[in-house]
Amino acid sequence: MSKNRKGKVYLVGAGPGDPALITVRGKYLLERAEVVVYDYLASPKLLTHVSKDAELIYAGKKGGVKHTHTQEEINQMLVDAAESGKTVVRLKGGDPFIFGRGGEEVEVLFDAGVDFEVVPGVTSATAAATYAGIPITHRDYTASVAFMTGHEDPTKPDSNIDWAKLATGAGTLVVYMGIKNLPIIVDNLVSHGRDPKTPVAVVRWASTPKQRTVVGTLETIIDIVREAGVRPPALIIVGEVVTLRKKIDWFEKRPLFGKRIVVTRTREQASELMAGLEEAGGNCVEYSTIKIEPVDSYEVLDGELDRLEEYHWILFTSLNAVKYFFERLYAKGMDARNMKGPCLAVVGKATGDLLQEYGVRADLLPEVFTGEGLAESLLDQGVEGRNVLIPRAEKAREILPETLRGAGAQVTVAPVYRNVSPEGKREQLRAELESGKVDMVTFTSSSTVRNFLSMVDAENDSDLKRLMHNVTIAAIGPITAKTVTDNGLTVDILPDVYTIPEMVHAVMEYYSM
Ligand code: SAH
């Protein structure tokens with residue numbers, strides 16, 4: 001970075017939550033930023049616009065929770081980065097100048113002589129109202145709206161809020177950061193003359209798939225919010241316009257609203273399916289293909305292939321282990337005839353079938369098709385002093401080699417392939433299924449089914465059934481459906497015509513039944 005280059009800080013409004021609600025200008029700046037300092041309320045999906053080389057700094061700020069950085073630290077970070085010549089985007093939830101301390105940050109930049117620009121954003125008040133089906137102004141109801149903070153202690157004597165004027169002064173009131181103080185806010189409004197029958201809406205996580213809206217009146221809203229357990233971030237909208245929600249609520253009424261849908265797709269497939277489901281309100285999470293790759297070095301296996309006849313057992317615990325083992329065997333000019341010494345064991349039937357395609361037969365198939373099952377069957381045979389070779393994935397469970405070693409076997413693990421999947425994705429998928437959050441899984445080809453299953457990595461059939469117990473399964477066509485049923489699961493949705501648009505349509509119909 002040139003020392004003489006002048007840096008600049010762009011305060012950018014991230015919009016209310018839906019990452020599509022950032023401005024074109026905001027996205028442009030994100031793509032060019034060298035440093036991005038972002039908040040709790042800015043959608044993490046916006047970070048996908050940021051260049052790979054940019055530095056990302058999370059500034060935290062979650063109401064009530066310990067702040068990751070103090071405001072002074074954030075200010076200093078912005079100044080330092082700009083002074084080192086960097087282009088900095090300070091990404092702030094909603095609009096930077098509406099209850100976002102944007103003004104304070106810019107003042108600091110001004111005082112430090114740092115160049116800056118501010119890009120407005122869709123503030124959560126208008127987004128929450130719009131996405132809850134409430135026009136914040138309407139000719140028949142109100143001609144004015146006031147935004148206020150509910151965060152300051154309304155009982156303090158030097159309050160900045162003039163309750164007497166505000167309570168009846170504006171037709172619609174929108175309160176930011178007011179959930180904790182809701183009872184005090186309501187009390188202040190009513191005691192200063194606002195009709196207790198005035199309709200109130202509280203909207204949480206507006207414009208996101210997590211959006212939740214509750215409606216009442218000044219009289220009832222405290223109980224309603226308490227009973228519904230509504231927590232921040234939420235906005236309170238007070239005024240007659242709230243009644244229009246009955247007609248205008250459109251966002252939460254979309255057919256797939258609130259449905260968590262796992263989309264497994266292979267690299268080649270466009271995200272047409274996700275786009276279609278999301279248009280209908282679905283909350284999609286994508287798990288793309290795991291890629292299987294050869295390992296960088298076959299040193300271990302190569303050494304063992306030279307002394308194959310010394311082995312008593314070779315254990316194959318997956319299809320890929322068979323495939324990559326034989327590829328290497330062939331590459332060394334060897335073939336099935338070199339396999340006649342050791343006994344062969346496989347983890348399950350499919351692995352045994354594949355082995356046979358390579359010209360050799362399994363000597364042992366466990367009763368239970370898991371690593372544990374295989375270990376148990378081998379222990380029954382007695383493994384003490386036996387040489388056991390396990391060609392397998394680079395990263396795999398250690399239960400099989402450990403159990404065998406514990407029983408006195410000489411075990412050599414030879415990595416022959418590896419799973420390349422985005423960091424942590426497997427664990428994430430597993431955790432989502434465990435927590436029962438997933439409503440549906442979609443399959444658009446047999447390989448997406450197999451991918452999904454290998455990512456879920458269920459212990460056995462009953463573990464898989466348990467994980468998928470309340471999950472609806474949509475398959476694009478009969479072949480894909482057969483792969484699903486072959487794996488012991490049931491298909492709930494199958495379109496008449498096997499295309500993505502028809503599949504989206506079938507999913508929508510399923511949920512409108
Ligand atoms: N600058 C932001 C507001 C920051 S103050 C803006 O223009 O929207 C933080 C408060 O904003 C939260 O306590 C909550 O009251 C409100 N808020 C922000 N995002 C929200 C969302 N998606 N849904 C509901 N309220 C939200």
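Order of listing sets the numbers, starting from 1, for every ligand and every atom in it. Since this is a predicted model, take the numbers as computed values, not measurements.
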Tell me which pairs pass salt bridge (charged side-chain N to carboxylate O under 4.0 Å, His left out) where either residue lies in residues 160-171, with sequence neighbours left out. D162-K165

Tell me if the centroids of the rings in F443 and F452 come within less than 6.0 Å of each other. yes

Atoms in ligand 1 with a heavy atom of P16 nearer than 4.0 Å: 19 (N), 21 (C), 22 (N)

Out of all atoms in ligand 1, which are within 4.0 Å of some heavy atom of V203? Include the element for each. 24 (C)

Closest to atom 10 (C) of ligand 1 (judged by heavy-atom distance), picking from Q211, M177, K210: M177

Which residue from S124, S43, P120, A14 reaches closest to atom 17 (N) of ligand 1 through any of its heavy atoms? S124

Residue pair S318 / Y417, side-chain donor-acceptor N/O under 3.5 Å: yes

Looking only at side-chain N and O atoms, does E252 offer a donor or acceptor that is under 3.5 Å from a partner on Q211? yes

Compute the shortest N/O to N/O distance between [X] and ligand 1 and return yes if it is under 3.5 Å, no if not.
X	value
R204	no
F99	no
A206	yes
G93	yes
A234	yes

In the protein, what heavy atom is nearest to atom 11 (O) of ligand 1, and what distance, to one decimal place, separates them? Y176 CD2, 3.5 Å

If you scan protein heavy atoms around atom 3 (C) of ligand 1, the nearest is I98 O, 3.5 Å

Would one find more than 12 heavy atoms of other residues, nucleotides or ligands at under 6.0 Å from atom CD of E279? no

Any non-hydrogen atom of P233 lying under 4.0 Å from ligand 1? yes

Could you check whether any heavy atom of P232 sits closer than 4.0 Å to an atom of ligand 1, since that is the contact criterion I want to use? no

Inspect the contact between K437 and E432 and indicate whether a charged nitrogen and a carboxylate oxygen are less than 4.0 angstrom apart. no

Side chain, backbone, both or neither: which part of T123 has a heavy atom under 4.0 Å from ligand 1? both

Is it the side chain (CB and beyond), the backbone, both or neither of A128 that lies under 4.0 Å from ligand 1, heavy atoms counted? neither

Under a 4.5 Å cut-off applied to non-hydrogen side-chain atoms, are [X] and [Y] in contact?
X	Y	result
T172	T137	no
M77	H69	yes
V122	T23	no

Closest heavy-atom contact between E105 and R90? OE1-NE, 2.8 Å

